[in-house]
Amino acid sequence: MLIRHLADPEHPKHAQWVTCLGSVGLHFGGVKYADSAGGFSYEDSGKLLSVTSNRFIHWSTSGDTVQFVEQSLDTNLLNNAVRLHIPNCLLLPGGVCIQETLNNVIILIVTSQSVHRLVLPHPTRMYRSDLVTELQMQSIFTDIGKLNLNEPAHSYVLPFAQAAPASAPSTSAAWISHQGEAVFALASPSGGITAVTLPAHDQDGAVSIQELKQSSMMQRLAGWMPTAIRGDQSIPDLAISLAVHQLEDDTFIFALCQDHKLRMWSFKHQMCLLVTDMLEYMPAGRGEVKASPALAHKLRLFFSSSTGLCLAIYLAVPKRSQFCVLQLVASENNRYSLDHISTLFTTQETLVDFVLTASDIWAVWLDNDDQTVVKYISFEHSTTGMWNQVFVQPSPEEEVHVGEDQDPRIYKRGTERYSDLSWEELKKEVTVTVENELQGSVTEYEFCQEDYRLLQVEFWSKFYACCLQYQDVLSTPLALHISPATAMVCVLKKGFVSFLFPCFAVDHLYLSSDEYLFSEEETLIAEDSNLSRDVLQLVQCLRMVSESLPEDMAYEMDKALEDLLSPEKVSEKVLEGLLASDNGNVIQDILNKLQDISNPTVAINTLLRELDLETDNRKGYCPNCQSLRVRISLSQLYGSSVAASLICQAVCQTAMTRTLLCRDLLILQQLYLRNGDNVSRHTHIYLARVSVRAHLSVLELSDSSTPTSMLNPQTVVELFYQNVARKAIMSQILSQQDVEGSQAMLHWPQMISSVLTLLCQFLWPSNPSFLFPECLMVNCQYAQLQEYVRLVGPWCQVNVGSYRFVLGHCYLASGEGQKALQCFQEAAAEVDKEEFLMKLTGSDEEAATATAQRLLYYNKVLRLLEDIGLPELVINLATLAISEAANDERSQAALWTRIFKHHLDLGHNSQAYEALTQNPDSSRQLDCLRQLVVVLCERAQLRDLVQFSFVNLHDEVVSIIESRARAVDLMTHNYYELLYAFHINRHNYRKAGTVMFEYGMRLGREVRTLRGLQKQVNCYLAALNCLRLVHPDYAWIVQPSSGAAYERPGTSPKRNYDGEFAANPVSQRIDILELKDLEKEYALARSRLTLAQQDPSSAAIAGGASSQEMVTLLVQTGLFDTALTLCQTFNLSLTPVFEGLTFKCIKLQYKGDQDQTEVWNWLAANQLPTVITTKESRSVKILLTMNSSLSLPKLNFSPHSATDEAWRLLAHYLEKYPLQNAQYHRGVINKLLSHGVPVPDWLLSSYKVDVIFFLFSALHLIGCSHELKNYVFLKTFILLFIKVFFFF
């Protein structure tokens, strides 16, 4: 099995800087150690139900700095990176060791001058429960800044710290003993091993130093003496690689030394137990190798309960390097030996690191071009000694093709992520930097656009080259790490970490070179040997096509397929280009090899079958199959941003590999057809599919539409995996497994292969599952979704309606409403056939008919269009849906209601009215009618409302307007006026008069203001006009009720104020109002208005005053004309008016003419004649006709003051309103006398004349002229006259 190599995109984010200060001098100037790296996996990292599942720590060293990063594939870790700086102390190779105890994670660090111990809390102690539900967790490095790294208990300066450079140790190892002590083993430059032991971190004790050396006493005393002083050129037992293993109660230290010998020391007994010459395992050239000291040999250990302790030794010999795998065997009396298991050779030169597992050796090299090479081999079952390939993620192209129509500023995210700047900020900063460089290099002020574009391409190419150089440096491999619990393989590099993924069989065939496919036994996709041989030959032909295809042709073909050109025609054109440029007869070689394929059609179909991911993956996960604890843990599995990015990169690489395979297969198919062979013509369909996969996998999320998420997806595939696919994938993988009973279930190669397969199936367009486009739609990734549908639509025959529906969503987002409506209409035909659309409508596949499902679909789309605010489209779609609901009145009513609503919102009043009349549901029709009335009133579009015919709805309209009129504020709404106009337009004058009279009544009760009184007068006047237009026999109205419904609007008709059921209403008497009654009400209202205009403060009082009360109020205000008119209208006595005016005259008589503005105001409100013609003249004329020689006094008025005008007004009223018995004169005189005011002469004279005139009138009435000749009667009359005249 071959392995893919993927880069970890996660860089340490804001790593904490911790500096360890100590009394250490300058580091050895001549000593330099290579950068190194390593990893540590938690013991329970392979268990699902653990807080440390899929969790590990990796580190890298450079000079005097070491960086630690804790990673988890399940949960995002916070504060997970720390950089430790130890000034003047260089990190040794193998100088970092991490071990875990029950409560702590202990980090041991060895430098050239000191040793250190960091004690951190174990994750299980930070989170007491293994059940973790958070999306983020704190790393063990969160509180590392609080530690005191300089405490003597946790650090120690080596005694040779100030010695010469040659005294520096070459390598080291460290471990935690069973007693909790920290032990550091350092390779002594004089040979042997020096062990420094720190007491347990929770115990007191002293530091001890022990030396393990197989030498004489003199050499022991020499100790760390430099070799230059001793005269030695090389130290045979100088350890160049150390490894430690704790076995039972002892610790074995293995040292691979310069003399090519392996020594095993017992730390407990401080003695060497075993010495083995590794040259014995070399088949040839031992003498030559033995003559030179070993400098690059490496040693690795592996222990398991089944195999025991195994050792792997790499012997670095030019062109003859080899790995020796040995097994430690114990015998009696503490004697040990090594059994040889295997020797494996390699032709690679520069080994970076290797790891020994239970069955394999994994190694990473640098080739001659400094490119990373990773391989692995089974040391037990490899019969040929052939190393297995690991396909490394291809490096970025050295040059980017920029078309003539493209902007050279092509932005594309890499796999690395930095949190210092957002994507938009980074693009802006890069653009400004490059543009500044460009502007600084320009010496001319003017040049053509083409020259400027060439400059842009040049400078952006330089920037791209700098990025590649930077990435090359960060990609330098430092170490390998394999998790013992999960078998996950990582390549630790200078700048990031790379993960290795299993490779699918079809990708294995296509990517492997011929030397690795030496037998058909390696073909895993066919059991038949002949078919396997054909498939191998076919794959070799595909690789030959790929190698012969120039880059420009490959680019043009990819571009044409992206533009949805015919794959068949495109491949035919490419083949013609290859034939025209075939200088090396490559095409002929391919044809020759094709002749070896016995059945090409079956071979192609077999290959396509392996590529096809079409399956029914709709089977869900039964929640009851696992406990709640397991389900919560599953919800976290592979849920971190690191895991999401890795998995999606693997999908992207798989899609790209298969796209190239299908491209070559399509060209090869054209070559077959050109030679007259009949092969399958369906390859181009598959190619289009895979091209879609490759395209969508690298689409980037735009920052403007990226949903807010702590996982921060970079591509749409990541978005889909994090939000939707992961949970479905985990449910399918683990639904049938005994999770709680399984201890090794998180096996990385198996788990990740299953995850990738299922994710690819979810992404496969031809599968019934529609989760991926649905996820893009839900997360508003409309640009990417539209591009996806564009690529899939022409050929995919699955979920056709669903694709049209999501494309309609995209058009809505881009403001293309008509296109969206067309897509929605096309999708309606598939509603009853596709799972996504049925789920969208919420319909039951068995219970709902096709028509009902389409109606549910239309309702869903209509709600969508309403939410976006496209009423025109709602009307169009609802009109179309009505034809589907021909036999469903309920649906028709709902659709007509929608049409009515949106027509009304758009101001289409006539169309809204038509929709209202078409509604078959009377209740909905009434609701629409009510809404129509209210909306048109609010918009002041009363003309339309009045002019609608309202056939069969007349009474309902009147009822609605009446109820609205009686329920709303009278001064802010004009429903009464609307109803009045409604009746007038239909010539129903009596109802119009009734409406205006009711309006006036309510105004008098509820709006007792000047404005309210003005409107009331107008209402009564309008009512009078209406009744005058009616035949006199019908000029009457029923007086509107003045019950509780008017006094408390909105009161429940069933309950009283306390909430109890009200008693049955008592039948009330019906009052009929005729024209004269309305005239009286009008006069009363008019008098109220006059009073309020004269005195606005009296409006509230006047609003509810009766006619008698109004007379009093009018008199008090000085409105005597109005009061007299009101008295005459209601047949009231005028005495209060005369008495009131008399009283005002008295007040004026005594008050004088000072400050009489108010007096003049009320005098002006009454009409005074210019010339007064008193009754005195008429009386005199009567007396003169009777031959009377009486001389009457003349009344002289001088209107020079308000008082005179008031008296003059009184005289005018006495003359204008005479009474036969002079009752008003007597009343005035009595009022004057009661206040002690002398009666004016003119009043006495007027009164006398009035009485005489009354007597003669009475005489004239009671008898004829002959009766006057009666002496007795005449005598009586004259005596009475003289009496009256002389008494006053």
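Note on ring orientation: taking the six-membered ring where Trp is involved, the planes of Phe499 and Phe56 are perpendicular (angle over 60°, cut-offs 30° and 60°). Ring planes of Tyr314 and Phe323: tilted class, angle from 30 to 60°.
Aromatic ring centroids of Tyr721 and Phe762 lie 6.0 Å or more apart.
A donor-acceptor pair is defined here as one N or O able to donate and one able to accept, closer than 3.5 Å; such a pair exists between the side chain of Ser640 and the backbone of Leu73. Asp367 places a side-chain N or O within 3.5 Å of a backbone atom of Gln371 that can act as its donor or acceptor partner. The main-chain N or O of Ser512 is found under 3.5 Å from a side-chain atom of Arg543 such that the two form a donor-acceptor pair. Listed for the Asp664 side chain is no donor-acceptor partner under 3.5 Å among the backbone atoms of Val545. Side-chain N or O atoms of Arg663 include none that pairs as donor or acceptor with a backbone N or O of Ser546 at under 3.5 Å.
Using a cut-off of 4.0 Å between Lys/Arg side-chain N and Asp/Glu carboxylate O, Asp353 and Arg300 are scored as salt-bridged. In summary, Glu787 and Arg790 engage in a salt bridge, as defined by a charged side-chain N under 4.0 Å from a carboxylate O. Using a 4.0 Å cut-off between a side-chain N of Lys or Arg and a carboxylate O of Asp or Glu, Asp589 and Lys593 do not qualify as a salt bridge.
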Test salt bridge (Lys or Arg N to Asp or Glu O under 4.0 Å) on Glu572 and Lys569 and set out the steps. CA-CA 5 Å; Glu572 184 178 359; Lys569 294 181 179 179; over 6 Å; no
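For the pair Trp748/Ser483, no side-chain contact is recorded, criterion being any heavy-atom separation below 4.5 Å from C-beta on.
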